[in-house]
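The structure under discussion appears below in the form of C-alpha coordinates.
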Protein chains: 2
Amino acid sequence: MKIINREIGYAIKALCFMVKEKEQIVTTSYMATYFNISRPFLRKILQKLNQVGVVESCKGKRGGFKLSLSAEQIFLIDLIKIFQGPIQLSGCYDRGQKCPLIEDCPVRLEIEKIEQNFIADLKKISLKTIIDREKYSLVQEKQ
Amino acid sequence: MKIINREIGYAIKALCFMVKEKEQIVTTSYMATYFNISRPFLRKILQKLNQVGVVESCKGKRGGFKLSLSAEQIFLIDLIKIFQGPIQLSGCYDRGQKCPLIEDCPVRLEIEKIEQNFIADLKKISLKTIIDREKYSLVQEKQ
DNA sequence: ACATAATGATACTTATATTGTATCATTTAT
DNA sequence: ATAAATGATACAATATAAGTATCATTATGT
(Lines give C-alpha, C1' and ligand atoms only; values in the text may rest on other atoms or scores of the structure.)
Protein backbone atom coordinates (compact mmCIF):
# COMPACT_ATOMS: atom_id res chain seq x y z
CA MET A 1 0.00 0.00 0.00
CA LYS A 2 1.66 3.11 -1.23
CA ILE A 3 0.53 6.69 -1.29
CA ILE A 4 2.60 7.72 -4.26
CA ASN A 5 2.00 5.88 -7.49
CA ARG A 6 3.87 6.66 -10.64
CA GLU A 7 1.47 9.28 -11.95
CA ILE A 8 1.55 11.19 -8.69
CA GLY A 9 5.30 10.81 -8.44
CA TYR A 10 5.81 12.21 -11.92
CA ALA A 11 3.32 14.97 -11.20
CA ILE A 12 5.28 16.01 -8.11
CA LYS A 13 8.55 15.99 -10.03
CA ALA A 14 7.14 18.04 -12.86
CA LEU A 15 5.36 20.50 -10.60
CA CYS A 16 8.44 21.01 -8.41
CA PHE A 17 10.40 21.66 -11.55
CA MET A 18 7.86 24.18 -12.73
CA VAL A 19 7.90 25.95 -9.39
CA LYS A 20 11.51 26.73 -10.03
CA GLU A 21 10.71 28.03 -13.48
CA LYS A 22 8.10 30.32 -11.95
CA GLU A 23 6.17 32.01 -14.70
CA GLN A 24 8.07 30.30 -17.43
CA ILE A 25 6.55 27.83 -19.82
CA VAL A 26 8.09 24.39 -19.82
CA THR A 27 7.46 21.61 -22.31
CA THR A 28 6.84 17.95 -21.64
CA SER A 29 9.63 17.18 -24.08
CA TYR A 30 12.10 19.01 -21.92
CA MET A 31 10.98 17.52 -18.64
CA ALA A 32 10.67 13.99 -20.00
CA THR A 33 14.25 14.15 -21.18
CA TYR A 34 15.36 15.85 -18.00
CA PHE A 35 13.84 13.22 -15.74
CA ASN A 36 14.35 10.40 -18.19
CA ILE A 37 10.72 9.34 -18.15
CA SER A 38 8.09 8.63 -20.80
CA ARG A 39 7.00 11.78 -22.59
CA PRO A 40 3.52 10.61 -23.68
CA PHE A 41 2.85 9.48 -20.13
CA LEU A 42 3.98 12.80 -18.74
CA ARG A 43 1.81 14.57 -21.27
CA LYS A 44 -1.26 12.73 -20.07
CA ILE A 45 -0.41 13.69 -16.53
CA LEU A 46 -0.03 17.35 -17.36
CA GLN A 47 -3.18 17.33 -19.43
CA LYS A 48 -5.02 16.14 -16.36
CA LEU A 49 -3.41 18.80 -14.22
CA ASN A 50 -4.47 21.32 -16.82
CA GLN A 51 -8.06 20.12 -16.76
CA VAL A 52 -8.30 20.63 -13.02
CA GLY A 53 -6.58 23.99 -13.11
CA VAL A 54 -3.31 23.20 -11.38
CA VAL A 55 -1.37 24.11 -14.48
CA GLU A 56 -2.23 26.07 -17.58
CA SER A 57 -1.48 24.82 -21.05
CA CYS A 58 -0.18 26.97 -23.88
CA LYS A 59 -0.76 25.51 -27.28
CA GLY A 60 1.19 25.96 -30.47
CA LYS A 61 4.87 26.21 -31.19
CA ARG A 62 6.77 27.41 -28.15
CA GLY A 63 3.84 26.18 -26.12
CA GLY A 64 3.92 24.05 -23.03
CA PHE A 65 2.70 24.28 -19.47
CA LYS A 66 3.06 26.67 -16.59
CA LEU A 67 1.79 26.70 -13.04
CA SER A 68 -1.56 28.23 -12.26
CA LEU A 69 -1.03 27.97 -8.53
CA SER A 70 1.83 28.62 -6.19
CA ALA A 71 3.71 25.89 -4.35
CA GLU A 72 1.84 26.85 -1.20
CA GLN A 73 -1.47 26.24 -2.91
CA ILE A 74 -0.82 22.76 -4.26
CA PHE A 75 -1.32 20.01 -1.70
CA LEU A 76 -0.37 16.39 -1.92
CA ILE A 77 -3.89 15.42 -1.04
CA ASP A 78 -5.13 17.25 -4.12
CA LEU A 79 -2.80 15.29 -6.35
CA ILE A 80 -3.99 12.07 -4.79
CA LYS A 81 -7.58 13.02 -5.45
CA ILE A 82 -6.82 14.01 -9.02
CA PHE A 83 -5.07 10.80 -9.93
CA GLN A 84 -6.73 8.29 -7.64
CA GLY A 85 -10.07 9.76 -6.74
CA PRO A 86 -11.29 10.39 -3.22
CA ILE A 87 -9.44 8.77 -0.38
CA GLN A 88 -11.41 5.87 1.00
CA LEU A 89 -9.20 3.83 3.23
CA SER A 90 -12.34 2.33 4.65
CA GLY A 91 -13.68 1.39 1.24
CA CYS A 92 -14.90 -2.16 1.21
CA TYR A 93 -13.71 -4.59 -1.41
CA ASP A 94 -17.30 -5.39 -2.22
CA ARG A 95 -19.01 -2.17 -1.25
CA GLY A 96 -22.23 -1.73 -3.08
CA GLN A 97 -22.25 -5.25 -4.32
CA LYS A 98 -23.00 -7.79 -1.70
CA CYS A 99 -21.45 -6.73 1.57
CA PRO A 100 -24.20 -7.39 4.07
CA LEU A 101 -22.70 -5.09 6.66
CA ILE A 102 -22.74 -2.12 4.38
CA GLU A 103 -24.54 0.21 6.75
CA ASP A 104 -22.87 -0.60 10.00
CA CYS A 105 -19.76 -2.50 9.07
CA PRO A 106 -17.70 -2.52 12.26
CA VAL A 107 -14.46 -2.65 10.32
CA ARG A 108 -15.37 0.39 8.31
CA LEU A 109 -16.45 2.35 11.37
CA GLU A 110 -13.04 1.76 12.94
CA ILE A 111 -11.09 2.56 9.82
CA GLU A 112 -12.99 5.76 9.22
CA LYS A 113 -11.47 7.14 12.39
CA ILE A 114 -8.01 6.36 11.08
CA GLU A 115 -8.93 7.86 7.77
CA GLN A 116 -9.75 11.18 9.37
CA ASN A 117 -6.33 11.46 10.95
CA PHE A 118 -4.70 10.33 7.76
CA ILE A 119 -6.42 12.95 5.65
CA ALA A 120 -5.73 15.65 8.21
CA ASP A 121 -2.04 14.76 8.06
CA LEU A 122 -1.99 14.74 4.28
CA LYS A 123 -3.63 18.13 4.11
CA LYS A 124 -0.59 19.63 5.74
CA ILE A 125 1.78 18.68 2.93
CA SER A 126 2.08 21.12 0.09
CA LEU A 127 4.58 21.34 -2.73
CA LYS A 128 6.27 24.02 -0.68
CA THR A 129 6.68 21.64 2.23
CA ILE A 130 8.40 19.23 -0.10
CA ILE A 131 10.61 21.78 -1.79
CA ASP A 132 11.67 23.27 1.52
CA ARG A 133 12.65 19.86 2.65
CA GLU A 134 14.86 19.06 -0.27
CA LYS A 135 18.48 18.67 0.54
CA TYR A 136 19.41 17.70 -2.94
CA SER A 137 17.57 19.81 -5.44
CA LEU A 138 16.01 18.43 -8.55
CA VAL A 139 18.82 20.13 -10.40
CA GLN A 140 21.54 18.33 -8.49
CA GLU A 141 19.55 15.20 -8.93
CA LYS A 142 20.60 15.01 -12.52
CA GLN A 143 24.29 14.66 -11.78
CA MET B 1 -6.46 3.32 -1.94
CA LYS B 2 -8.02 0.88 0.42
CA ILE B 3 -6.80 -0.76 3.56
CA ILE B 4 -8.95 -3.84 3.28
CA ASN B 5 -8.53 -5.94 0.18
CA ARG B 6 -10.49 -9.08 -0.41
CA GLU B 7 -8.08 -11.44 1.27
CA ILE B 8 -7.99 -9.36 4.41
CA GLY B 9 -11.74 -8.88 4.31
CA TYR B 10 -12.35 -12.60 4.09
CA ALA B 11 -9.76 -13.23 6.78
CA ILE B 12 -11.58 -10.88 9.12
CA LYS B 13 -14.93 -12.51 8.40
CA ALA B 14 -13.56 -15.97 8.94
CA LEU B 15 -11.65 -15.08 12.10
CA CYS B 16 -14.62 -13.27 13.62
CA PHE B 17 -16.69 -16.32 12.89
CA MET B 18 -14.11 -18.54 14.55
CA VAL B 19 -13.99 -16.33 17.61
CA LYS B 20 -17.63 -17.17 18.17
CA GLU B 21 -16.89 -20.85 17.78
CA LYS B 22 -14.17 -20.54 20.39
CA GLU B 23 -12.33 -23.80 20.67
CA GLN B 24 -14.36 -25.46 17.99
CA ILE B 25 -12.98 -26.56 14.68
CA VAL B 26 -14.61 -25.00 11.64
CA THR B 27 -14.14 -26.02 8.04
CA THR B 28 -13.59 -23.83 5.02
CA SER B 29 -16.48 -25.61 3.35
CA TYR B 30 -18.83 -24.43 6.02
CA MET B 31 -17.62 -20.86 6.08
CA ALA B 32 -17.45 -20.55 2.32
CA THR B 33 -21.07 -21.60 2.07
CA TYR B 34 -22.04 -19.46 5.03
CA PHE B 35 -20.48 -16.32 3.60
CA ASN B 36 -21.16 -17.27 0.01
CA ILE B 37 -17.55 -16.85 -1.06
CA SER B 38 -15.04 -18.97 -2.93
CA ARG B 39 -13.94 -22.00 -0.94
CA PRO B 40 -10.52 -22.52 -2.59
CA PHE B 41 -9.75 -18.86 -2.07
CA LEU B 42 -10.74 -19.03 1.57
CA ARG B 43 -8.62 -22.14 1.95
CA LYS B 44 -5.56 -20.30 0.71
CA ILE B 45 -6.25 -17.54 3.16
CA LEU B 46 -6.59 -19.88 6.11
CA GLN B 47 -3.51 -21.80 5.06
CA LYS B 48 -1.58 -18.58 5.26
CA LEU B 49 -3.04 -17.77 8.66
CA ASN B 50 -2.02 -21.24 9.75
CA GLN B 51 1.54 -20.74 8.56
CA VAL B 52 1.92 -17.61 10.64
CA GLY B 53 0.29 -19.11 13.69
CA VAL B 54 -2.94 -17.15 13.86
CA VAL B 55 -4.97 -20.30 13.40
CA GLU B 56 -4.16 -23.94 13.74
CA SER B 57 -5.07 -26.50 11.15
CA CYS B 58 -6.42 -29.96 11.87
CA LYS B 59 -6.01 -32.37 9.04
CA GLY B 60 -8.07 -35.36 8.10
CA LYS B 61 -11.76 -36.03 8.12
CA ARG B 62 -13.51 -33.81 10.65
CA GLY B 63 -10.54 -31.53 10.33
CA GLY B 64 -10.58 -27.80 9.79
CA PHE B 65 -9.20 -24.76 11.51
CA LYS B 66 -9.42 -23.22 14.93
CA LEU B 67 -8.03 -20.08 16.45
CA SER B 68 -4.59 -20.11 18.05
CA LEU B 69 -5.00 -16.63 19.47
CA SER B 70 -7.75 -14.75 21.18
CA ALA B 71 -9.62 -11.87 19.59
CA GLU B 72 -7.63 -9.49 21.78
CA GLN B 73 -4.40 -10.83 20.36
CA ILE B 74 -5.18 -10.51 16.66
CA PHE B 75 -4.65 -7.03 15.29
CA LEU B 76 -5.71 -5.61 11.99
CA ILE B 77 -2.17 -4.47 11.36
CA ASP B 78 -1.01 -8.06 11.60
CA LEU B 79 -3.46 -9.17 8.96
CA ILE B 80 -2.29 -6.37 6.71
CA LYS B 81 1.29 -7.46 7.13
CA ILE B 82 0.43 -11.08 6.50
CA PHE B 83 -1.44 -10.45 3.28
CA GLN B 84 0.22 -7.32 1.96
CA GLY B 85 3.63 -7.23 3.52
CA PRO B 86 5.00 -4.39 5.60
CA ILE B 87 3.21 -1.08 5.47
CA GLN B 88 5.18 1.37 3.40
CA LEU B 89 3.00 4.31 2.62
CA SER B 90 6.16 6.15 1.76
CA GLY B 91 7.34 3.46 -0.62
CA CYS B 92 8.49 4.98 -3.87
CA TYR B 93 7.10 3.73 -7.15
CA ASP B 94 10.64 3.20 -8.39
CA ARG B 95 12.48 2.67 -5.16
CA GLY B 96 15.65 0.79 -5.71
CA GLN B 97 15.50 1.21 -9.42
CA LYS B 98 16.26 4.66 -10.57
CA CYS B 99 14.90 7.18 -8.09
CA PRO B 100 17.76 9.62 -7.67
CA LEU B 101 16.42 10.94 -4.39
CA ILE B 102 16.45 7.57 -2.75
CA GLU B 103 18.37 8.64 0.33
CA ASP B 104 16.83 11.96 1.09
CA CYS B 105 13.62 12.06 -0.88
CA PRO B 106 11.69 14.99 0.58
CA VAL B 107 8.38 13.39 -0.28
CA ARG B 108 9.26 10.23 1.52
CA LEU B 109 10.50 12.08 4.57
CA GLU B 110 7.16 13.84 4.87
CA ILE B 111 5.10 10.73 4.29
CA GLU B 112 7.04 8.75 6.84
CA LYS B 113 5.68 11.02 9.50
CA ILE B 114 2.16 10.28 8.37
CA GLU B 115 2.98 6.62 8.24
CA GLN B 116 3.95 6.58 11.89
CA ASN B 117 0.59 7.97 12.96
CA PHE B 118 -1.18 5.64 10.62
CA ILE B 119 0.53 2.55 11.98
CA ALA B 120 0.00 3.68 15.55
CA ASP B 121 -3.72 4.02 14.84
CA LEU B 122 -3.92 0.64 13.16
CA LYS B 123 -2.20 -1.04 16.07
CA LYS B 124 -5.14 -0.16 18.25
CA ILE B 125 -7.61 -2.21 16.24
CA SER B 126 -7.96 -5.84 17.20
CA LEU B 127 -10.55 -8.39 16.26
CA LYS B 128 -12.10 -7.71 19.62
CA THR B 129 -12.47 -4.05 18.76
CA ILE B 130 -14.32 -5.04 15.64
CA ILE B 131 -16.53 -7.64 17.27
CA ASP B 132 -17.45 -5.30 20.10
CA ARG B 133 -18.47 -2.75 17.55
CA GLU B 134 -20.80 -4.98 15.63
CA LYS B 135 -24.41 -4.02 15.76
CA TYR B 136 -25.48 -6.70 13.39
CA SER B 137 -23.72 -9.93 14.09
CA LEU B 138 -22.30 -12.14 11.41
CA VAL B 139 -25.15 -14.48 12.18
CA GLN B 140 -27.83 -11.91 11.50
CA GLU B 141 -25.89 -10.95 8.42
CA LYS B 142 -27.10 -14.08 6.67
CA GLN B 143 -30.76 -13.09 6.65
C1' DA C 1 -8.91 -52.12 5.10
C1' DC C 2 -11.31 -48.60 2.81
C1' DA C 3 -14.12 -44.68 1.65
C1' DT C 4 -14.76 -40.06 2.99
C1' DA C 5 -13.67 -35.47 4.02
C1' DA C 6 -10.71 -32.46 5.50
C1' DT C 7 -5.96 -29.66 4.79
C1' DG C 8 -0.92 -28.90 2.37
C1' DA C 9 1.33 -27.39 -1.44
C1' DT C 10 1.52 -25.43 -5.63
C1' DA C 11 0.68 -24.31 -10.38
C1' DC C 12 -2.40 -22.24 -13.40
C1' DT C 13 -5.99 -18.98 -15.09
C1' DT C 14 -8.85 -14.98 -15.15
C1' DA C 15 -9.94 -10.28 -14.06
C1' DT C 16 -8.71 -5.69 -13.04
C1' DA C 17 -5.76 -1.74 -12.49
C1' DT C 18 -1.66 0.55 -13.70
C1' DT C 19 1.51 2.10 -16.87
C1' DG C 20 2.83 3.25 -21.26
C1' DT C 21 2.20 3.98 -26.60
C1' DA C 22 0.26 5.70 -30.85
C1' DT C 23 -2.32 8.66 -33.71
C1' DC C 24 -4.50 12.43 -35.56
C1' DA C 25 -6.52 16.93 -35.00
C1' DT C 26 -5.70 21.64 -33.46
C1' DT C 27 -3.09 25.62 -32.27
C1' DT C 28 0.56 29.18 -32.67
C1' DA C 29 5.29 31.20 -33.59
C1' DT C 30 8.39 31.97 -37.15
C1' DA D 1 3.75 26.86 -45.09
C1' DT D 2 6.42 24.50 -41.61
C1' DA D 3 7.64 23.21 -37.14
C1' DA D 4 6.63 22.26 -32.57
C1' DA D 5 3.78 22.25 -29.11
C1' DT D 6 -0.92 20.48 -26.72
C1' DG D 7 -6.04 18.07 -26.95
C1' DA D 8 -8.38 14.06 -27.19
C1' DT D 9 -8.71 9.42 -27.30
C1' DA D 10 -8.02 4.67 -28.42
C1' DC D 11 -4.96 0.96 -27.95
C1' DA D 12 -1.31 -2.17 -25.86
C1' DA D 13 1.61 -4.00 -22.41
C1' DT D 14 2.53 -5.06 -17.77
C1' DA D 15 1.68 -5.85 -12.94
C1' DT D 16 -1.26 -7.09 -9.30
C1' DA D 17 -5.29 -9.17 -7.31
C1' DA D 18 -8.57 -12.72 -7.31
C1' DG D 19 -9.96 -17.13 -8.17
C1' DT D 20 -9.51 -22.20 -9.84
C1' DA D 21 -7.65 -26.81 -10.19
C1' DT D 22 -5.10 -30.74 -8.90
C1' DC D 23 -2.85 -34.10 -6.44
C1' DA D 24 -0.72 -35.59 -2.21
C1' DT D 25 -1.35 -36.29 2.68
C1' DT D 26 -3.82 -36.99 6.90
C1' DA D 27 -7.35 -38.52 10.08
C1' DT D 28 -12.08 -40.36 11.01
C1' DG D 29 -15.65 -43.70 10.99
C1' DT D 30 -17.49 -47.94 9.56
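Residue numbers start from 1 in every chain, and the chains themselves are labelled A, B, ... in the order their sequence lines are given, proteins ahead of strands.
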### Query
Once you round it to whole Å, what is the distance between P of C:dT18 and CD1 of A:I8?
10 Å

### Task
Go through C:dG8, D:dT6, C:dT19 for me and flag the one nearest to the A:R39 side chain.
D:dT6

## Note on the structure
note: A:L42, atom CG; C:dT21, atom C1'; distance rounded to Å ~ 14 Å

### Query
OP1, OP2 of C:dG8 versus side-chain N and O of B:N50: anything below 4.0 Å?
yes

#### Entry: Quiz item: B:R43 side-chain donor-acceptor pair to C:dG8 base, under 3.5 Å
yes

### Task
Among D:dG19, C:dA29, D:dG29, find the nucleotide with the atom closest to the side chain of B:R62.
D:dG29

### Task
Go through the structure and list residues passing ring-ring contact (aromatic ring centres under 6.0 Å, His included) with B:F118, not counting sequence neighbours.
A:F118

### Message
Between A:K44 and B:K44, which residue's closest nucleotide on DNA chain C lies nearer the 5′ terminus?
### Response
B:K44

### Query
Is it true that a side-chain atom of A:E21 and a backbone atom of A:V26 form a donor plus acceptor pair closer than 3.5 Å?
no

### Message
Assuming nearest nucleotide by heavy-atom distance, tell me which of A:T28 and B:G60 is located more 5' along DNA chain D.
### Response
A:T28

### Query
With a 3.5 Å cut-off and just heavy-atom distances, do the side chain of B:K59 and the base of C:dG8 make a donor-acceptor pair?
no

### Task
Could you work out which one of D:dA3, D:dG7, C:dA5 sits closest to the side chain of B:K61?
C:dA5

## Note on the structure
Between A:E7 and B:T27, the residue closer to the 5' end of DNA chain C by nearest nucleotide is B:T27

### Query
Rounded to whole angstrom units, what separation is found between the CD1 atom of A:I4 and the C1' atom of C:dT19?
16 Å

### Task
Tell me whether the OP1 or OP2 atom of D:dA5 has a side-chain N or O from A:S57 closer than 4.0 Å.
no

### Message
Rounded to whole Å, please give me the gap between CZ in A:R6 and P in D:dA13.
### Response
18 Å

#### Entry: Below 4.0 Å: OP1/OP2 of C:dT21 and any side-chain N or O of A:S38
yes

### Task
Figure out the CG/P separation between A:L46 and D:dG7, and round it to whole Å.
9 Å

## Note on the structure
Of D:dG7, C:dG20, C:dT7, the nucleotide closest to the side chain of B:F65 is C:dT7

### Task
Measure the acute angle between the ring planes of A:F17 and A:Y30, then classify it against the limits of 30° and 60° as parallel, tilted or perpendicular.
tilted

#### Entry: Path from A:L69 to A:I25 over hydrophobic side-chain contacts below 4.5 Å
no

### Task
Answer whether the closest heavy-atom distance between the side chains of B:R6 and B:I37 falls below 4.5 Å.
no

### Task
Just call it for B:E56: base, sugar-phosphate, or nothing, with non-hydrogen atoms closer than 4.0 Å on any strand.
nothing

#### Entry: B:Y30 OH to C:dT7 P, straight-line distance once rounded to whole Å
15 Å

#### Entry: Which nucleotide in C:dT21, D:dT9, D:dA18 has an atom nearest any side-chain atom of A:Q47
D:dT9

#### Entry: Gap between atoms CD and P, on B:Q51 and C:dG8 respectively (whole Å)
8 Å

### Message
Side chain of A:F41, heavy atoms from C-beta onward: which of D:dG7, C:dG20, C:dT28 has the nearest atom to it?
### Response
C:dG20

### Task
Whole angstrom is fine here: how far is it from CD1 in A:I80 over to P in C:dT18?
13 Å

### Query
Should we say atom NZ of A:K2 is surrounded by more than 12 heavy atoms from elsewhere, each under 6.0 Å from it?
yes

